[in-house]
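Keep in mind the model is a prediction, meaning the values are calculated, not measured. Each ligand, and each atom within it, is numbered from 1 in the order the structure gives.
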Amino acid sequence: MEYSERLKKLPEQFFASLVNKVSKAVAEGRNVINLGQGNPDQPTPKHIVKALQESAEDPGTHRYSPFRGIDELKEAAATFYKNQYNVDIDPKTEVAIMFGAKSGLVQLPLCLLNEGDLMLLPDPGYPDYMSGVVLANVDYKTFPLKAENNFLPDFAAIPAEQKEAAKLMYLNYPNNPTGATADRSFFEETVAFAKEHNITIMHDFAYGAIGFDGKRPVSFLEVEGAKDIGVEMYTLSKTYNMAGWRVGFAVGNPAIIEAINLIQDHLHCSLFPAVQKAAAAALTDDQKCVDELVARYEQRRNTLIEACRNIGWDVQAPTGSFFAWLPVPKGFTSESFADFLLEKADVAVAAGKGFGEFGEGYVRVGLLVDDDVLIEAVNRIDKLNLFKTSSIEV
Ligand SMILES: Cc1ncc(COP(=O)(O)O)c(C=O)c1O
């Protein structure tokens with residue numbers, strides 16, 4: 001069977017090789033601590049599961065959903081944005097229900113760009129952004145996220161010809177993989193930049209709920225003018241441990257929302273209505289479960305960072321997301337270090353290179369296991385004597 005050129009061009013899943021290596025080690029009977037993945041480890045809160053059970057009992061949910069999702073969920077998304085961010089969203093025109101943020105991220109270039117048009121992506125960045133680039137056959141350039149700039153883009157450093165040509169830019173804070181967060185002034189700068197250069201912004205707010213040290217992540221839409229030039233994508237995957245449920249939504253500029261709805265009219269028939277009803281309950285019920293989850297991740301972050309520093313590993317604490325972005329010791333690349341840890345310590349981490357060229361020099365560690373497991377992982381790494389005498393270079 002001959003596949004289309006489009007499919008042939010799809011990027012290789014960098015992390016497929018990590019999954020294979022971990023599976024092989026586990027099959028050999030090794031007790032691997034897997035810190036390489038981004039899959040929430042906690043269950044969906046009980047009240048949300050119960051809402052699904054009750055909705056699934058109702059035959060009314062067994063029929064096709066309206067193409068663009070049920071009103072109840074769109075209204076819940078608008079209520080959530082009002083409650084959390086004091087942002088006014090019109091549920092009729094400013095919300096698009098999606099199969100997780102991923103489907104929106106991949107669809108957006110198909111909606112807004114013609115073949116060969118330019119989009120700008122962060123490096124390091126979430127690898128699935130590339131899927132949309134390839135499926136829509138558009139051009140892309142990356143902008144670096146550097147430690148000295150708190151992993152925020154330096155808009156002034158983007159080459160003039162790229163600023164003029166680009167039609168779409170992706171941003172993501174709290175950030176995967178760096179764990180960095182953005183403040184309101186950054187988004188104000190973003191809106192000004194986007195307006196000056198006529199670039200549409202997609203802010204990926206997948207980790208929107210997860211900010212540490214009492215600082216709640218800022219929504220891009222909180223900034224005046226954001227809705228004129230962009231959308232934000234939200235997902236229930238992380239906030240409510242609902243990664244398997246596949247519920248997300250885009251909010252913001254009505255023309256972009258209409259474009260997403262339009263393409264989805266032709267691709268899907270929205271989500272199982274009972275899932276949508278349960279998602280609406282998640283967004284509008286008491287948010288105590290979210291506070292507890294964030295406290296859990298913060299505790300794990302503190303445990304990991306303290307343990308790393310105790311063994312002489314000079315690491316920075318993430319301010320959001322559920323990832324830590326740790327510098328690789330001298331003499332290793334991100335890949336050779338990840339391989340070394342798996343081989344010698346039975347600890348799996350994600351090599352920074354998998355997120356882009358500027359991910360080199362780092363590994364990503366997920367805060368998705370309990371504290372004692374994080375400590376055990378660091379103890380195993382300690383036994384390799386990597387940090388005692390050498391100074392760490394990034
Ligand atoms: C930065 C980022 N954006 C989007 C997603 C996709 O989330 P969803 O489960 O809603 O498709 C992820 C998932 O890991 C992510 O890390």
Side-chain angles (χ1 to χ4, degrees), residues 13-16 18-19 34-42 44 48 69 73 77 80 95-109 119 121-133 135 142 145 151-153 169-182 201-211 217 219-220 230-251 260 264 267-268 270-271 275-276 278-279 282-283 290 293 297 318-325 350 352 354-356 359 364-368:
Q13 273 284 9
F14 183 88
F15 293 104
L18 174 68
V19 171
N34 190 352
L35 307 177
Q37 290 177 337
N39 211 341
D41 63 306
Q42 294 298 303
T44 305
I48 303 172
L73 179 52
F80 177 82
V95 182
I97 310 296
M98 310 180 307
F99 283 83
K102 174 169 172 164
S103 67
L105 304 169
V106 174
Q107 287 161 12
L108 202 57
M119 64 185 287
L121 295 174
D123 176 359
Y126 179 53
D128 289 8
Y129 296 154
M130 283 305 297
S131 313
V133 167
L135 289 176
T142 56
L145 306 182
F151 299 108
L152 296 168
M169 175 184 237
Y170 280 10
L171 294 169
N172 162 228
Y173 294 97
N175 184 258
N176 176 11
T178 67
T181 45
I201 302 291
M202 188 290 297
H203 181 235
D204 177 356
F205 207 29
Y207 299 89
I210 312 170
S219 159
F220 165 66
V231 287
E232 186 157 82
M233 298 212 178
Y234 201 89
T235 170
L236 279 69
S237 294
K238 329 282 175 178
T239 309
Y240 306 102
N241 300 316
M242 290 171 66
W245 297 50
R246 313 307 306 134
V247 194
F249 56 89
V251 272
I260 296 170
Q264 294 198 143
L267 289 173
H268 320 291
S270 203
L271 291 75
V275 165
Q276 296 188 60
L283 292 167
V290 183
L293 184 67
Y297 288 139
T319 50
S321 84
F322 49 51
F323 297 113
W325 189 234
F355 302 94
R364 191 193 72 177
V365 167
L367 302 170
L368 300 167

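- The contact shell of ligand 1, taken as protein residues with any non-hydrogen atom closer than 4.0 angstrom, comprises Gly100, Ala101, Lys102, Leu105, Tyr126, Asn172, Asn176, Asp204, Ala206, Tyr207, Thr235, Ser237, Lys238, Arg246.
- Side-chain contact between Phe249 and Leu73 is absent, with no heavy atoms from C-beta onward closer than 4.5 Å.
- Using the six-membered ring where Trp is involved, Tyr126 and Tyr129 have ring planes that are perpendicular, over 60° apart on the 30 and 60° scheme.
- At a threshold of 4.5 Å between non-hydrogen side-chain atoms, the residues Asn175 and Phe323 do not count as touching.
- Looking at Gln264, its side chain does come within 3.5 Å of a backbone N or O of Ile97 through a donor-acceptor pair.
- Side chains of Pro122 and Leu145 form a contact here, defined as non-hydrogen atoms less than 4.5 Å apart.
- Looking at every heavy atom in both residues, Ile260 comes nearest to Ala250 through CD1-CB, 3.8 Å.
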